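Note sheet for the following structure.
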Amino acid sequence: MKIISPIVDIGGHLVVPIRKHFCYLSCYNSHIKSLKDQFQKLGDKRAGVQLEIDAAKQNGEVIASEVESWVEKVDNISEGLQRFLEEDVKENVMCLNGWCPNLKSHYFLSRQAKKKTLEIDGLLRDGQFDKVSNPPPPPWGIATSSKEGFKVFESRIPVMKELLTALRDDKINMIAICGMEGIGKTTMAKEVAKRAKDDNLFDEVVMVAVSRKKDLSKIEDQIAMMRHREINFENVLVILDNVMEELNLKDEGIPYKVELNSCKILLTSRSEEVCNQMKSHKIVRIEALTEEEAWSFFKEMAGNCIDTPNLHPIAEKVVKECKGIPIAIVTIGRALENKRKNEWVSALQQLRKSISKNNSELKNHPDGLECPKLELLQLSCGKDATRQTLPTNLFKGMMGLKVLAMQGMSFPSLPQSIQVLQNLQTLLLEYCEIKDVSAIGALGKLEMLSFLGSEIKELPKEIGNLSHLKLLDLSECSALQHIPPGLLSSLSRLEELYMGNVSVMNWEPMEGNREGANASLAELRSFSDSLMALRLHIPNIKLLPKDLHFKNQMIKFQIYACDEPFRHQNFGKYSTFWNTTQYIFKNSLALEGFVASDIAESWIPLLLQKSEFIALREIKDFENILYKLDFPCLEVLLISSSDVEYLIDATSYQTPRVAFPILESLILLELPNLKEIYHSRIPQRSFSGTHSQLACFGKLRSITLFSCKCLKNVFSLSIARGLVQLQELEIQDCEDMEEIFHKEGEDEKALNDKIMFPQLTSINMDYLPGLIGFCTGVGPVELVQPSLLNQEVRRIDTFGSDRMTNIQQTAGFFPDSTPISQKFFSSKTILWQPNLKELSLEGLHERLEVVFDLEGQKDNNDHQRIAVLAKLKTLRVIGLSNLRYVWKNVPQGIQGFQNLTSINVYRCHKLRYLFPPTVAKLLVELQSIKISWCGMIENIVQRDGEEEAEDIILLPKLTSFYLSSLPNVMSFCIEPYSFEWSSIEKIYMYGCPKFKTYGKLQKINWESDSIPQDQEPCLKGVPSGRNDSLTVASDQGTTKKLQESSSVNKEGILTKDPRANDIYNNSKTWPFFPSHLIVCLKNLKTMKLSNYDSLEVIFQLEELKVEESHMAPILDQLRILDLSDLPKLMHIWKKGPERNLGFGNLRLLKVSGCDSLTYLFSPSIAKLLVMLEKIEVSSCKKIEEILARAGEEEKEKDVLFNKVNSIVLHNLPNLKCFCSETNALGWPSLREIRVIKCPSLSTFIPSNLNTPKLEGVDNNHPWIEERTCHWKGDLNATIEHIFKGKVCHIHTTNIQLIGEF
């Protein structure tokens, strides 16, 4: 038995896996069938989601990223599944000529089918979306997804590459995409910008849709937004879309200038002439699609029906008529999808009749064109510099014309031949400058007439003859002053009237025919029965007749009543409701500067009840007007008024009523006297039962509050529990706001009810100085401990008087015994918004001390940890002057924050560290850390309390690390954690004078009996505890013990450690990156370091272990290295093994203000820089040569700078030469050399040089437009002659070389 029992035991363990593998054979058919069934379900689900996506895109909405990700995953797995079922399953199932099942194939196929079925099950679960899209973003910025309608065509790939190459070229600052309308210019610009941003070419991309000078306000709005967001123009791509005439960028606040590289401009235009007028450095044309591409794309749009025999020949002809224009293919293809043959034939006929002529072609036809069957004609002009004179008989041969569109043209009058167009039904004169349009009165069949954006001062009386006119658009006719009385009333069949932004029109108060009189709005009564759409901008609501009634219950209206022009800034992000160029809009009513009694006595109350959007600004004697009326259709409500105390005052109503049953957005702007949004005396003792307060805001999705100075909270908890649809919460400039939701008399049972905002994804708080929390009535309050206060005071003493003065200046002194932990989220309220994605706390929150206080965080009923803010992606903490902790009281084993991708902390002067390791190890998706102007921060990661230190890898996906103006930061982490930094791409550090190293941190091997029990072990290369000292260990493992250090014991008391060296010990050389960390930086592309007092070495290569068989390149993705104001920097590269590989993609090396540096690089390093293009060195007092002499150990001394095209040397008083040896002879790409204030420079290289592309040496600053370029045969001779005063000018200039360079 002793021998058998182990076998039995082993067999028992084998039964389960054997049964599992046997099941793959026995259940082969069921596994395959299950896979096919689930695959069908997945296809159906994918099709349904696509329908929702298409509908959302048509509404201009942005597809949610999780939906796009799901669709991409489904498409990827579907392709493989189709191949698996059609090829693998069908072909590999039998052996022995089909007589016997192939068991091996059955096993593997069954196993794969089971695995794939489980994958599909997961996708079906993940595909249960509440919504597939979000409202469109603010106008600044562009869509960051390449799925926004972009399709890669083979013929467009070279165009895209050409554009990306131009964007990378430092000498190209303005690029133009040119092509005909609908060819895909805008789509290409968006995609190129997206790819450029992904490649880190730009920090910001701003897109402005602009067509003419009339639209320049759009640019001004975007620039204002950028400045409000503190965006500088150093690394910004500005896209100007649809430019139709020359724009002056300087006038619009865009600091574009080639020499300064301020920003890059990418413009799109139909006119190459406009591109040249804008002085574009590069013009890239987009041509029509090839025949093969057009057919393939059309098939995508129209579906497989075009392959049927009866439709295929017609479809080919339709595609041919689309002329390879993508927008035509999309529009027509989708319209004809699943249509019958007769509809295809009809579409083909219409296409053949339609043509488009450019205005310049008409010059060759002074007597007009003979096109008797022509039905559509579009004339456009790219600029309005001069007036055009159209041929008198232009339209004489076009008697069949039905649609005529003229855009951007300027001429005194229409040609008389327009009167022959008796079949014309649509006439568009948009953005034109015309004095006389009276000839239009002869067009008896005209149904649609648009003067959108045109400069006309008077509407001629002949327009009244258009008895069939159904649509009249006068929007944006800002110069229109006169409409003859009776003209509008004569248009009895008018169905649509658009007069947006016609603010100078002086309407008569009543109808009349006196000489010089204007039209009256009372004339609207003549076509009120047929009116379907009305857009008006009127100065006074009294101009509207009281007896104006619309019989059409489906009428769409948009009325803005104000005696001033419409100002977008008055309505914030909701100003888009007044878009006068669109014909689809919600019923909207905006009133500004009126008395409530006038509103009540007018026709307005009837409109209020039908309005979907209502904006009321500065309405006097408001007196609860909102609660007196019904608003059954209201979706968006915007209020701005100085005398409103209560938005809804229900105190005078015994039975509360529902005011806003379907309200989705509430915007309250500049209500300085608002005390409560909902004011009621009804007892709120319990949450139970249905309450009218809940019904008032039960559909609310968005709350925006701005400058409501007296408002202390938004809603009570009794109302808050009904906000289950709330998605966005934005509060700014509310000085008395103490909490968002207020506990007001609810009993204990009510507190036990779980409040939840399941749809809330965005919280944005800005300048709420009195804020103490999200909801303060449901969490514990922590008081200051005397020991903690003593700890803070003692800590200041250890700094020394000079440092204390600095901290007092930047952060203020510590407070006395006041309540601590005024937290934004407590352990309870943090669970109310499980789907929160964006949290922004900005402004001078003077009382808030903690963002996330997780004290008391407990398990759920199943004894499992609840994931805290598991969907949070963006965290911004800006200007919280009293903030001490971002995360506090974090329990061991907590789950959450795993989707956080971006953290931005700014001007939080009392913050000492960003997060504890318990949080850091949760941030597996974190990509960006940005911390600036935090005067007391010392470390990024630091232990909090009694948590155990673990040797784990933190922040595996961090790509961008930005530290700025942190006078006391010393290290990234003071604990033994590993940071591989394998994903890091950008490192920006400015003004961190005490920062030492990113070195790997290891515990010191202290003897156990020599460490006081109240002290923690010190760590390698970083300060110990919360003090000012650190332990130093070399890469070989030797240790220098710290002296005169301090540490914090378990009781929180500051103690002295006699075993420490001071952190300011100058005998230690501090490399920014030690050798062991350099090999981990596989993806680093950009590094900018500035204002470091202690940094001596950037790349420590001395201890780099490079074996012959493992010579992997180091830092081989680094493209930009920018070093400035590093006074102690002695080495950029501290020498390493002779056979180093790496730095092979460095393009720009820029060094400035490094006064201890004597050279840039050694020959062994220079040989690695094979892609280096630009070298800039300035204000380095000790530098004597750029390329140092070769060391004895360097065998190969010759260096070739094959790619270097630009060298700038400025203010280098001791520079004698580029190199003192004859080992840098090849400069085949060098085009530019600037030498400014280098008095000791006598030669470039002591040998003859090969510089075939160099034209001369420039001695002017880059910002000086005029160039003084010198040349004397070769580079060495030119430099020698410059400094001897013998100058040979090769360019004409008025600037002479004088004095010291």
Side-chain angles (χ1 to χ4, degrees), residues 43-44 46-48 50-51 53-55 57-58 75 78-79 82 149-157 179-188 270 286-358 361 369-380 397-405 421 423-426 428 445 447-448:
D44 295 342
R46 170 67 174 84
Q50 188 61 48
L51 289 175
I53 290 174
D54 292 342
K57 286 183 177 180
Q58 289 179 359
D75 291 346
S78 296
E79 184 178 351
Q82 195 69 36
F150 185 80
K151 180 175 177 61
V152 178
F153 297 106
E154 192 69 27
S155 63
R156 300 282 167 97
I157 293 177
M180 64 187 300
E181 185 177 7
I183 204 69
K185 301 183 295 297
T186 301
T187 304
M188 177 64 75
R270 304 174 199 172
I286 297 185
E287 305 295 344
L289 301 179
T290 65
E291 292 183 7
E292 294 80 7
E293 290 171 339
W295 174 256
S296 177
F297 192 31
F298 187 78
K299 186 175 180 179
E300 267 187 59
M301 298 298 106
N304 293 328
C305 65
I306 66 174
D307 289 331
T308 58
N310 63 327
L311 286 184
H312 187 84
I314 304 174
E316 285 185 328
K317 295 175 182 178
V318 169
V319 173
K320 187 175 181 180
E321 293 298 331
C322 289
K323 309 297 184 185
I325 302 174
I327 195 170
I329 294 172
V330 171
T331 304
I332 297 168
R334 287 177 175 172
L336 292 175
E337 185 177 11
N338 298 323
K339 293 295 189 293
R340 297 177 181 177
K341 181 178 179 180
N342 62 327
E343 293 176 275
W344 280 80
V345 173
S346 176
L348 178 60
Q349 292 173 347
Q350 293 295 323
L351 279 170
R352 285 175 170 171
K353 292 177 182 178
S354 302
I355 66 166
S356 176
K357 288 284 184 181
N358 185 286
E361 297 180 34
L369 297 171
E370 288 296 330
C371 302
K373 294 184 179 181
L374 181 64
E375 294 189 359
L376 184 150
L377 175 63
Q378 176 180 329
L379 306 176
S380 63
M398 306 179 187
M399 299 183 66
L401 201 62
K402 292 182 179 179
V403 178
L404 173 61
L421 304 179
N423 292 308
L424 194 66
Q425 298 175 8
T426 300
L428 309 178
K445 293 184 179 180
E447 296 182 0
M448 297 177 63

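Keep in mind it's a predicted model, so treat the numbers as computed, not measured.
Contact of the M188 side chain with the I183 side chain is not registered, since no non-hydrogen atoms from C-beta on lie closer than 4.5 Å. Proximity of E291 to E293: side-chain heavy atoms (C-beta onward) are nowhere separated by under 4.5 Å. Contact check for I306 versus V318: no side-chain heavy atoms found under the 4.5 Å cut-off.
Residues meeting the side-chain contact (heavy atoms from CB on, under 4.5 Å) test with I327, sequence neighbours left out: I325, T331.
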* To do: Dump the intermediate steps for side-chain contact (heavy atoms from CB on, under 4.5 Å) on Q50 and I53, then the final yes or no.
  => CA-CA 5 Å; Q50 188 61 48; I53 290 174; 4.0 Å; yes
* To do: Apply side-chain contact (heavy atoms from CB on, under 4.5 Å) to S78 and R46, showing your working.
  => CA-CA 10 Å; S78 296; R46 170 67 174 84; over 6 Å; no
* To do: Using the side-chain contact (heavy atoms from CB on, under 4.5 Å) rule, take V330 and F297 through it: C-alpha gap first, then chi angles, then the decisive distance, then the call.
  => CA-CA 8 Å; V330 171; F297 192 31; 3.5 Å; yes
* Candidate pair D307 and K299, rule side-chain contact (heavy atoms from CB on, under 4.5 Å), full reasoning -> CA-CA 9 Å; D307 289 331; K299 186 175 180 179; 2.9 Å; yes
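By the 6.0 Å contact criterion, CD on E337 is enclosed, its count of non-hydrogen atoms from other residues, nucleotides or ligands being greater than 12. For M399, the CE atom counts as loosely surrounded, since its 6.0 Å shell holds 12 or fewer non-hydrogen atoms of other residues, nucleotides or ligands. Within a 6.0 Å radius of CD in E154, no more than 12 heavy atoms belonging to other residues, nucleotides or ligands are found. The number of heavy atoms from other shown groups lying within 6.0 Å of NZ (K445) does not exceed 12.
In this structure, the separation between NZ on K339 and CG on L311 is 12.0 Å, given to the nearest 0.5 Å. How far CG of L421 is from CE of M398: 8.5 Å, rounded to the nearest 0.5 Å. Once rounded to the nearest 0.5 Å, the distance linking CG of L336 with CZ of F298 reads 5.5 Å. Distance CD/E181 to CZ/R270: 4.0 Å, rounded to 0.5 Å. Summarising the geometry, atom CG belonging to L428 is positioned 8.0 Å from atom CG belonging to L404; distances are rounded to the nearest 0.5 Å. With values rounded to the nearest 0.5 angstrom, L401 atom CG is found 8.5 Å from E375 atom CD.
Applying the ring-ring contact (aromatic ring centres under 6.0 Å, His included) test to residues at least two apart or on different chains, the pairs with a partner in residues 308-337 are W295-H312.
Closest heavy-atom contact between I329 and C322: CG1-CB, 3.9 Å. Nearest heavy atom pair, residue A294 against residue G324, reads CB-CA, 4.4 Å. Nearest approach of I286 to G184, heavy atoms of both residues: CD1-O, 4.0 Å. Scanning both residues, K185 and M180, for their nearest heavy atoms gives NZ-O, 3.0 Å.
In terms of modelled atom types and a separation under 3.5 Å, the side chain of R156 and the main chain of E287 share a donor-acceptor contact.
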